[in-house]
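What follows is a single structure, written as structure tokens, with notes after it.
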Amino acid sequence: MKYNFKEIEQKWQRRWADQKTYNVTEDASRKKYYVLNMFPYPSGAGLHVGHPLGYIASDIYARYKRLQGFNVLNPMGYDAYGLPAEQYAIQTGQHPEITTNANIARYREQLDKIGFCFDWDREVRTCTPQYYHWTQWAFQQMYNSYYDTELNKAQPISKLVEKFRTQSFDGKSWDELSEKQQSDILMDYRIAFLGETMVNWCPKLGTVLANDEVVDGVSVRGGYPVVQQKMRQWCLRVSAYAQRLLDGLETIDWSDSIKETQKNWIGRSEGAEMEFKTKDGQSLTIFTTRADTIFGVTFMVLAPESELVGKITTSERRAEVESYVAETRKRTERERMIDKKVSGVFTGNYAINPFNGKEIPIYVSDYVLSGYGTGAIMAVPAHDSRDYAFAKHFNLPIIPLIEGCDVSEESFDAKEGTVCNSEFLNGLSVKAAIARTKEYIAEKGIGRVKVNYKLRDAIFSRQRYWGEPFPVYYKNGIPQMIPEECLPLLLPEVDKFLPTETGEPPLGNAERWAWDEASKAVVECSLIDGKTVFPIELYTMPGFAGSSAYYLRYMDPHNDNALVGEDADKYWQDVDLYVGGSEHATGHLIYSRFWNKFLYDIGVSCKEEPFRKLINQGMIQGRSNFVYRIKDTNTFVSLNLRKEYDTTPIHVDVNIVQNDVLDIEAFKAWRPEYASAQFILEGGKYICGWAIEKMSKSMFNVVNPDMIVEKFGADTLRMYEMFLGPVEQSKPWDTNGIDGCHRFLVRLWNYAEKAVDDREPSKEELKSLHKLIKKVTDDIEHFSYNTSVAAFMICLNELTALKSTNRRVMENLAVLIAPFAPHIAEEFWEMLGHDTTICDAQWPVLNEEFLKEDSIKMMVSFNGKTRFQMEFPADADKDTIEKTVLADTQTEKYLDGKPVMKVIVVPGRMINIVHQK
RNA sequence: GCCGAAAUGGUGGAAUGGUAGACACGAGGGACUUAAAAUCCCUUGGGCAUAGCGCCUGUGUGGGUUCGAGUCCCACUUUCGGUACCA
């Protein structure tokens, strides 16, 4: 019988679905293993061959763990809120939910064809009320919590209120404060809070824009002006967790590079906060990591957004300073980054150096950021390149502080050398000087040691429609949480997905979007009376809201009473293996670690770190093909002849090219303008050029997994994706090589059909089999699936050469290949007479005995140059080998009378004889 | 600029400090066939031989450690990711 992959794959996929083979339940008698893929955003383009790479890799691991007896949770779902569906809705009026569900259906269809062992009963979609109920719930928990810096964990806000009851606020007790005042004070502590943050605000579009949506100060969409503006936004106090996010990295098994990326992102720096007095008696606090350079401070700089600017500026300079601040406000952060022209303005005021009493001019410049440190710096042009550029531009003095450094051309930024020009610090190393200065400022009460983090609080609101609504309404401008028992607060229907005419977010279009406190229900906006009916928050949550705790929801996806039930959480604990792209290093992987730490603090998650081991799959790049058109003609010249002509390379659809040979007829039919194309061929063929590029429609290099499955089968696709190269490495997709994997499966099929022999396996068969067991087991543990695929091919060749027809060998082979090619493995399993699925089989146990050789062949080399081979009994020891080889006649020939200095014997590998040359 | 990863045949890629190029693709040759497809066999880093079946050379560049380096150390070049005035 021929290997009919289509029939086999359909049969098993149907059976797995019907029998719910991969559904799991909490089973205390078995050890758990939790495998997780970063869930996809279902885009309209569907999956290309790059997407399933990580899913296949984790599927192999999940199946392997299952064969080893683990109770494996391997769920899948969809990150369903997102901009593309909303944009499509704006253009067509089609509700994003319809688009999203259609895309999900298409994704599911594509995924199902590849034969994953997902437990689809646990599917989650972030846009369903059953799911976002718990996103809203978590937000409310964050609102009702503050970060206790002594206990170093989140605590109920009520504890903080208790504490405040014992304190006085400008002579008033807590209870004497107005509701508004209390709310404002607590807002500074809540983990989810309303804060004033700088955003790119586009008044015309009525929305906040991301940095890459703004070019040259105008919006990409529409070209409307964008300004930097402080806006009231929901924020998450991620920064409170900065140190724990840093410390947690030490406890998890992630690659060093991704840990490094997160460390840089968190950006811990130890320094000092120092207070400077101005000439007119005001105070100015700065942050520095180079306290040792205090004697080289020749000016101070404030960020334009700093509140101090207004206070410190003298009346003569006010007009100029204000115009500078207004100017910077028009520029986006991105513009300020790209255009690094030095700019700034003098405030007219001076600060006093607390160390030597010198007067230092205070400037305002946009190279100082308001969001970091205190928004003010002491400038040391000799030892900071930015200060140096500023000093040169404004002709300010530059005082070198390191012996022998040259600052005539550029600053000396390195933290090394011996300090000079610094009074009591002279002669110390930089390190010692930093330490000494810190002591000094503490003694004199000038400042204190301070740790700063780059990590900012996350802005948590968006002016969009397609996202989780905030379960919040406003009573006299004070936010109120919708009662927990009323969750989820459903996303309302709107007739337009754009901002309203008055510039409100899209939810402003909803008619029913007011909260009736009395009946605890959503009601018509027209009923708002300020007594019992109030407006509901119009913002929605950002994309990362729904993706920050989905791994917990998978543990208990149908629980209507909790995000995750205690039993389910105790059983599944955390994700053992997480697979996804490294592009999420500073987004999702930070947010969900933060989110999980919070849930850990409030006792919802039993593990502080959600993802124990992380594997970052590489990107699959596209391999584009080109044809070469001779300029101003419709004639195309083959790759190697193109130098003789003046040609333009044109992308050609990779699906009409095979092994770089163009299918000329298909090409003519591809586009009407090519119907009459002429060709200059080489050897009767048209050879295309190629390049590695991003896989995208515009490059015509997108390869679709359905097409591959149709042509070669899912098992071939799975094997080939793994065979392409290491999972973690980026590599180009080249459909050409897939034949090799398909041929292997055909040969394996033919081999399996002949495996009917019930006798004991021979020594050679066992050796070949156990070599494979060892290799595949090792490889799966280390995620080097590409060499496993090779090992299968080698093993099959060996067994074919042995003319093996042994059923027991075949049985083992079927189990070993099951993680990689599950459909064909199931078919083998059935052919071998089993009536259960192969998922219930046992992973073969390695017996090292079978791997032993009768004799060992060893290479003999002289001074590192290999010369000949010798054979020894398998149990020969080093001494015997050394004696035998030295007594050998060939050795004598190569030594040619020269004395032997040393003999190095590497057991089982080689012998190196070192002699005089 | 800073941080990270990498560089091996025509291509994708193998090699616990121990015979570099496993495995696969492509290419070339052969068998089978009226023919093609499919399948099978041989060759395939480069150079010189091939009557001597062996020799020389070779893992981005230059040094070093070692009996022995693709692998370890130092310096450099290039490529790809991430990040960007973080004081």
Side-chain angles (χ1 to χ4, degrees), chain A residues 255-265 267-269 271-272 286-291 293 301 303 333-334 336-338 340 342 365-369 371-380 383-387 389-390 413 452-456 581-583 585-586 616 618-619 621 623 659-661 690 692 719-720 723-726 728-741 743-744 746-747 750 778 784 786-794 797 857-869 901-915:
Chain A
S255 73
D256 288 339
S257 72
I258 209 134
K259 283 187 186 178
E260 204 55 37
T261 308
Q262 290 212 338
K263 276 182 200 165
N264 291 341
W265 190 258
R268 179 192 160 100
S269 65
I286 57 98
F287 175 73
T288 180
T289 54
R290 291 295 304 274
T293 59
V301 187
E333 249 184 68
R334 168 150 293 207
R336 279 155 70 171
M337 278 183 308
I338 292 166
K340 290 190 182 171
V342 177
S365 173
D366 64 3
Y367 85 88
V368 173
L369 306 174
Y372 184 76
T374 59
I377 62 155
M378 62 178 218
V380 186
H383 302 291
D384 183 286
S385 51
R386 298 152 304 182
D387 298 346
F390 194 86
D413 290 15
N452 257 328
Y453 301 90
K454 280 197 255 182
L455 188 70
R456 312 275 180 94
S582 55
E583 68 272 20
T586 55
N616 296 114
M619 281 238 292
Q621 295 138 308
R623 188 181 187 277
N659 291 329
D660 293 337
V661 177
W690 60 273
I692 304 303
M719 294 289 273
Y720 186 56
F723 184 67
L724 270 179
E728 301 187 67
Q729 190 177 306
S730 284
K731 58 231 165 227
W733 176 269
D734 183 359
T735 307
N736 292 334
I738 201 166
D739 273 340
C741 287
R743 281 202 274 261
F744 160 73
V746 173
R747 285 205 306 272
N750 294 337
D778 279 3
S784 48
N786 56 328
T787 51
S788 283
V789 177
F792 280 116
M793 293 175 180
I794 295 167
N797 282 345
K857 285 177 183 152
M858 293 177 72
M859 301 305 301
V860 182
S861 48
F862 293 83
N863 285 347
K865 277 236 180 291
T866 306
R867 295 302 172 179
F868 59 88
Q869 202 177 51
M901 320 268 289
K902 206 181 193 180
V903 180
I904 295 135
V905 179
V906 184
R909 289 195 180 263
M910 53 94 63
I911 304 155
N912 192 14
I913 298 170
V914 186
H915 62 92

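Residue numbers start from 1 in every chain, and the chains themselves are labelled A, B, ... in the order their sequence lines are given, proteins ahead of strands.
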_Length of the CG-P vector between N736(A) and G12(B), whole Å_ = 12 Å

*asked:* Quick check on U39(B): is either OP1 or OP2 less than 4.0 Å from any side-chain nitrogen or oxygen of R747(A)?
replied: no

*asked:* Would you call the rings of F792(A) and F744(A) parallel, tilted or perpendicular, taking 30° and 60° as the class edges?
replied: tilted

*Does C53(B) have a Watson-Crick or wobble partner in any strand here, with both distances under 3.5 angstrom, and which is it?*
none

_Separation of atom CZ in R456(A) from atom C1' in U83(B), rounded to whole Å_ = 13 Å

*Take atom NZ of K263(A) and atom C1' of U83(B), then tell me their distance rounded to the nearest Å.*
17 Å

*Could you work out the separation of U65(B) and U44(B) based on their P atoms and round it to a whole Å?*
37 Å

*Quick one: look up who U61(B) pairs with, Watson-Crick or G-U, both distances under 3.5 Å, and put none if it's unpaired.*
A75(B)

*Given A14(B), G18(B), G12(B), which nucleotide is nearest the side-chain atoms of V906(A)?*
G18(B)

*For M859(A) and for V914(A), locate the closest nucleotide of RNA chain B by heavy-atom distance; then report the residue assigned to the nucleotide nearer the 5' terminus.*
M859(A)

_One pair to check against salt bridge (charged side-chain N to carboxylate O under 4.0 Å, His left out): D660(A) and R623(A). What are the steps and the verdict?_
CA-CA 10 Å; D660(A) 293 337; R623(A) 188 181 187 277; 2.9 Å; yes

_P atoms of A38(B) and A27(B), separation to the nearest Å_ = 11 Å

*asked:* Closest approach to the side chain of N912(A), judged atom by atom: which nucleotide of G68(B), G26(B), U11(B) is it?
replied: G68(B)

*Give the nucleotide from the list A24(B), G12(B), C25(B) with an atom nearest to the side chain of P732(A).*
G12(B)

*Partner of A84(B) by Watson-Crick or G-U wobble geometry, both contacts under 3.5 Å, or none?*
none

*Within the structure shown, what part of the strands sits under 4.0 Å from D734(A) by heavy-atom distance: base, sugar-phosphate, or nothing?*
nothing

*Choosing from A87(B), G68(B), A24(B), which nucleotide comes nearest the side chain of M793(A)?*
A24(B)

_P gap between A75(B) and U8(B), integer Å_ = 22 Å

*Atom CD1 of I738(A) and atom P of C23(B): how far apart are they, to the nearest Å?*
20 Å

*Looking only at N and O atoms, is any donor in the side chain of R623(A) or the base of U11(B) less than 3.5 Å from an acceptor on the other one?*
no

_Strictly by Watson-Crick or wobble contacts shorter than 3.5 Å, is anything paired with G26(B), and which nucleotide is it?_
U44(B)

*Under the 3.5 angstrom rule, does the side chain of K731(A) hit a backbone N or O of Q729(A) as a donor-acceptor pair?*
yes

_Any side-chain N or O of K731(A) below 4.0 angstrom from OP1/OP2 of G12(B)?_
no

*Between G17(B) atom P and I911(A) atom CD1, what is the distance in whole Å?*
21 Å

*Step through it carefully: locate the ring centre of Y453(A), locate the ring centre of W265(A), and say whether they are under 6.0 Å apart.*
no

*Expressed in whole Å, how much space separates the P atoms belonging to A69(B) and G54(B)?*
24 Å

*Do you know which two heavy atoms are closest between Q869(A) and K857(A), and how far apart they sit?*
OE1-CD, 3.8 Å

*For the residue pair H915(A) and F862(A), does the interplanar ring angle fall in the parallel (under 30°), tilted (30 to 60°) or perpendicular (over 60°) class?*
perpendicular

*Check whether any side-chain heavy atom of D384(A) lies under 4.5 Å from a side-chain heavy atom of F390(A), and answer yes or no.*
no

*Taking only the side-chain nitrogens and oxygens of Q729(A), find out if one of them lies under 4.0 Å from OP1 or OP2 of G13(B).*
yes

_Over all strands shown, is E583(A) touching base, sugar-phosphate only, or nothing at heavy-atom distances under 4.0 angstrom?_
nothing

*Looking at the side chain of A790(A), which of U11(B), A84(B), A22(B) is the nearest nucleotide?*
A22(B)

_Out of A87(B), A24(B), C85(B), whichever nucleotide has its closest atom nearest the side chain of D366(A)_ = C85(B)

*S269(A) near the nucleic acid: base, sugar-phosphate alone, or nothing, with a heavy-atom cut-off under 4.0 Å?*
sugar-phosphate

*When we call it a touch if two heavy atoms are under 4.0 Å apart, what does I904(A) touch: a base, just sugar-phosphate, or nothing?*
base

_If I take atom NZ in residue K857(A) and atom C1' in nucleotide U19(B), what distance separates them, rounded to the nearest angstrom?_
13 Å

*asked:* If I pick the C1' atom on U66(B) and the same atom on C74(B), what distance separates them, to the nearest angstrom?
replied: 16 Å

*Can you check the N616(A) CG to A6(B) P distance for me, whole Å?*
13 Å

*Using a 4.0 Å heavy-atom cut-off across all strands, classify I377(A) as base, sugar-phosphate, or nothing.*
base

*When the distance from CD1 of I258(A) to P of U83(B) is rounded to whole Å, what number comes out?*
11 Å

_Position toward the 5' end of RNA chain B (nearest nucleotide), E260(A) or M910(A)_ = E260(A)

*Over 60° means perpendicular and under 30° means parallel, so classify the ring planes of F287(A) and Y372(A), tilted if in between.*
perpendicular

*Sticking with atom C1', work out how far G9(B) lies from G58(B), rounded to a whole angstrom.*
11 Å

*Side chain of K902(A) only, please: which of U83(B), A22(B), C67(B) is the nearest?*
C67(B)

*Could you check which of C23(B), A87(B), U19(B) has an atom nearest any side-chain atom of Y372(A)?*
A87(B)

*Tell me whether G9(B) sits syn or anti, counting syn as a glycosidic angle within 90° of 0.*
syn

_Show the nearest heavy-atom pair for residues I377(A) and D387(A), with the distance to one decimal._
CD1-OD1, 3.6 Å

*Please give the nucleotide sitting opposite G18(B) as a Watson-Crick or G-U wobble pair, both distances under 3.5 Å, or none.*
C67(B)

_So, does N786(A) get its side chain near the phosphate of G12(B), meaning an N or O under 4.0 Å from OP1 or OP2?_
no

*Using the C1' atom in both, what is the distance from G60(B) to A51(B), to the nearest Å?*
41 Å

*asked:* Please report the distance separating the P of U71(B) from the corresponding atom of U61(B), rounded so that it comes out in whole Å.
replied: 11 Å

